[in-house]
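In this text the structure is predicted, and so the values were computed from the model without any measurement.
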Amino acid sequence: MESELQKLPQPETTRPSQPESIDEGSTKDDRPLLKPDPTNPQLQVQSQSSSPSIEELEKKYAPYVRHDVYGIMGRGELPWTEKVLLGIALVTLVPMRVIGATTVLVVYYLICKICTAFWAPNREDEQEDYAHTGGWRRTVMMQSGMFLSRVMLFVFGFYWIHETYQPINLNGNSNNEDGSKQQAEELERPGAIVSNHISYLDILYHMSCSFPSFVAKRSVAKLPLVGLISKCLGCVYVQRESKSPDFKGVSGVVNERIREAHQNKSAPIMLLFPEGTTTNGDFLLPFKSGAFLSGAPVQPVILRYPYQRLSPAWDSISGARHVILLLCQFVNHVEATWLPVYYPSQQEKDDPRLYAENVRRLMAHEGNLLLSDIGLAEKRVYHAALNGLFCQQ
């Protein structure tokens, strides 16, 4: 793996990334992206200063720019043919899909309810989950969860999923067509799955393949239906404050989970999105180092969502608008490339930032993704600028 990395081109970055210990769901800033924050001076300056043009914004914030027929923030002017298709889908396709998705959700909730009945959850480090439950309970939760997640994707229009498993090639060459899932499973089990982040649909795909745990906000645990399901997944919940002096924090819990998954095949594997936010799928943002602190091997996965009309990427569009438009699209596509398990060198184990950057460069090279040095802070500025332009119009 190190020999392959030496052949990869070095990324050109204008400023270093600032890795954080928490990759996803950080409580430092959980405001809605698409609503300007009046308390943030940086955003106020952007909105009150001379407004840049759309072309300037798109050039500066390229990883978050939408290129589908619905335009900026999904508010672009549509041709009458597209409006007709939307109207037909709203009265026919959307109701059926809403009923189908609700049915799948309720069925899996009932399965989780039965499997966890009269069974106390695992409580450690102010976390609560049923993912460490063994025996038939864990088997039923996993197998039914994977199956129903695939059903949910089918309901959303993902009728076919193209998956590629790249085998390890000692000559440093990858052959996409010769890979197989069996070959990938023969590798030593990684501690975490590391994936680029494009949409909320990423989690559904990974649930259908490996049923991993991931980091979520504490409020998710209290949601109807979804709360119990997240506990069965073994989600690590972000805490704002600790009630225990021995509390490790989310980073500590995540790294323990990664080590546990690497050493114990029955333990739930972690899914982490080290970019920390979603992009339009053409770029790869700087990786935060939280997923690499443990020094355990990771499984890199590259996701793509080919499209013709609506992009499934959740980059610069409101959640409600995006879900409705996605339900109106009859066919959606997703492609997943599973790279070989990445085994860090001793130098990478000693330097998590180097480990994170090397995995990032490998994923960018194999997925033909562009490297960008901007992050969530710039995404908020971009969204605030877009809102300012729409308000002026």
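- Partner of Pro312 under the side-chain contact (heavy atoms from CB on, under 4.5 Å) criterion, out of Leu201, Leu325, Leu303, Asp68: Leu201 alone.
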Please assess Asp315 against Thr279 for the test side-chain contact (heavy atoms from CB on, under 4.5 Å), listing each intermediate value before the final yes or no.
-> CA-CA 5 Å; Asp315 36 33; Thr279 68; 5.9 Å; no
Are Cys209 and Trp338 close enough, and set up right, to give a side-chain contact (heavy atoms from CB on, under 4.5 Å), and what steps lead you there?
-> CA-CA 11 Å; Cys209 293; Trp338 291 70; 4.0 Å; yes
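- Counting only distance, with no hydrogens or angles, the side chain of Tyr355 and the backbone of Ala296 share a donor-acceptor pair below 3.5 Å.
- Residue Phe330 shares its hydrophobic cluster (ILVMFWY side chains chained together at separations under 4.5 Å) with Leu93, Met96, Phe154, Tyr159, Trp160, Val331.
- Contact annotation: the side chain of Val94 approaches that of Cys328 to within less than 4.5 Å [non-hydrogen atoms, C-beta and beyond].
- Side-chain atoms of Tyr61 never come within 3.5 Å of backbone atoms of Glu56 as a donor-acceptor pair (strictly under, hydrogens ignored).
- Of all non-hydrogen atoms in Leu293 and Arg259, the two that sit nearest each other are O-NH2, 4.5 Å.
- Under a 3.5 Å cut-off, the side chain of Arg137 and the backbone N or O of Cys115 do form a donor-acceptor pair.
- In terms of hydrophobic clustering, with Ile, Leu, Val, Met, Phe, Trp and Tyr side chains grouped at heavy-atom distances under 4.5 Å, Leu90 and Ile99 are assigned to different clusters.
- Glu348 and Asn358 form a side-chain donor-acceptor contact under 3.5 Å, judged by distance and modelled atom types alone.
- Inter-residue side-chain proximity for Thr116 and Pro121 is flagged as unmet; no heavy-atom pair is nearer than 4.5 Å.
- Arg66 contributes no side-chain N or O that, together with a main-chain N or O of Met73, makes up a donor-acceptor pair within less than 3.5 Å.
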Verdict with supporting geometry, Tyr342 and Leu362, side-chain contact (heavy atoms from CB on, under 4.5 Å) | CA-CA 10 Å; Tyr342 189 104; Leu362 178 67; 3.7 Å; yes
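- Around the CH2 atom of Trp80, the shell of radius 6.0 Å holds no more than 12 heavy atoms that belong to other residues, nucleotides or ligands.
- Listed by chain and residue number, Glu77 satisfy the salt bridge (charged side-chain N to carboxylate O under 4.0 Å, His left out) test with Lys83 (two or more places apart in sequence, or in another chain).
- The line from CE of Met363 to CG of Leu371 is 11.0 Å long, rounded to the nearest 0.5 Å.
- Between the side chains of Thr278 and Lys379, at least one donor N or O sits under 3.5 Å from an acceptor N or O.
- Taking CZ of Phe214 as the start and CD1 of Ile203 as the end, the distance is 4.0 Å to the nearest 0.5 Å.
- Considering all non-hydrogen atoms of both residues, Ala261 and Pro268 come closest at CB-O, 3.5 Å.
- In this structure, Asp129 contributes its side chain and Lys231 its backbone to no donor-acceptor pair below 3.5 Å.
- Counting only residues at least two apart or on different chains, the side chain to side chain donor-acceptor pair (under 3.5 Å) pairs with a member in residues 301-311 are Tyr70-Arg309, Glu82-Arg309, Asp202-Tyr305.
- Under 3.5 Å, the side chains of Glu260 and His132 contain a donor-acceptor pair of N or O atoms.
- A pairwise comparison of heavy atoms in Phe287 and Ala356 identifies CD2-O, 3.5 Å as the closest pair.
- Here CD1 of Ile111 is found 4.0 Å from OG of Ser144. Values are rounded to the nearest 0.5 Å.
- Follow the hydrophobic side-chain contacts under 4.5 Å out from Ile114 and you never reach Leu105; the two are in separate clusters.
- Val215 is listed as a side-chain neighbour of Leu272, based on a closest heavy-atom distance under 4.5 Å.
- In this structure, the separation between OG1 on Thr337 and CD on Glu366 is 9.0 Å, given to the nearest 0.5 Å.
- Looking at Gln143, its side chain never comes within 3.5 Å of a backbone N or O of Val140 through a donor-acceptor pair.
- For the 3.5 Å distance criterion, the side chains of Asn332 and Gln329 qualify, holding a donor opposite an acceptor.
- Here the side chains of Val341 and Val298 are not in contact, with every heavy-atom distance at 4.5 Å or above.
- The main-chain N or O of Val65 is found under 3.5 Å from a side-chain atom of Asn280 such that the two form a donor-acceptor pair.
- Under the 4.5 Å side-chain heavy-atom criterion for grouping Ile, Leu, Val, Met, Phe, Trp and Tyr, Leu284 is not connected to Leu370 through any hydrophobic cluster.
- Only one option out of Val151, Leu228, Leu148 pairs with Tyr108 in a side-chain contact (heavy atoms from CB on, under 4.5 Å); it is Leu148.
- The salt bridge (charged side-chain N to carboxylate O under 4.0 Å, His left out) test applied to Asp351 returns no partner, not counting sequence neighbours.
- Glu128 places no side-chain N or O within donor-acceptor distance of the main-chain N or O of Arg123, the cut-off being under 3.5 Å.
- Ser266 meets the side-chain hydrogen bond (donor to acceptor under 3.5 Å, both in side chains) test with Asn264; sequence neighbours excluded.
- Remark: Ser213 OG to His206 NE2 distance equals 13.5 Å, nearest 0.5 Å.
- Taking the six-membered ring where the residue is Trp, Tyr200 and His322 present perpendicular rings, their angle passing 60° and hence far from 30°.
- Asp282 pairs by the salt bridge (charged side-chain N to carboxylate O under 4.0 Å, His left out) definition with nothing, not counting sequence neighbours.
- Using modelled atom types, no side-chain atom of Arg257 and backbone atom of Ile269 make a donor-acceptor pair closer than 3.5 Å.
- Here the closest heavy-atom approach between residue Phe211 and residue Gly145 is recorded as CE1-CA, 3.7 Å.
- You'll find the side chain of His262 stays beyond 4.5 Å of the side chain of Ser294, heavy atoms only.
- Within the 3.5 Å criterion, the main-chain N or O of Val238 finds no donor-acceptor partner in the side chain of Arg218.
- For an aromatic pair to be called close, the ring centres must be under 6.0 Å apart, and Tyr64 with Phe283 fails this.
- Contact check for Cys235 versus Val220: no side-chain heavy atoms found under the 4.5 Å cut-off.
- Clustering ILVMFWY residues whenever any of their side-chain heavy atoms sit less than 4.5 angstrom apart, transitively, puts Leu85 in a cluster other than the one holding Leu310.
- Nearest heavy-atom pair, Gln127 versus Val253, reported as atom, atom and distance to 0.1 Å: CG-CG1, 4.2 Å.
- The residues Glu357 and Arg360 are annotated as salt-bridged, a charged nitrogen and a carboxylate oxygen being separated by less than 4.0 angstrom.
- Asn122 has its side chain out of reach of Tyr130: every pair of non-hydrogen atoms, C-beta onward, lies at least 4.5 Å apart.
- Judged by distance alone, the side chains of Ser230 and Tyr237 do bring a donor and an acceptor atom under 3.5 Å apart.
- Side-chain contact between Trp119 and Thr133: present, with at least one pair of heavy atoms (C-beta onward) separated by less than 4.5 Å.
- Residues Ile258 and Leu354 fall into different hydrophobic clusters, defined by Ile, Leu, Val, Met, Phe, Trp and Tyr side chains chained together at heavy-atom separations under 4.5 Å.
- Taking OG1 from Thr277 and CG from Leu376, the interatomic distance works out to 5.0 Å, rounded to the nearest 0.5 Å.
- Scanning all heavy atoms of the two residues, the minimum distance from Pro274 to Phe292 falls at CB-CE1, 4.2 Å.
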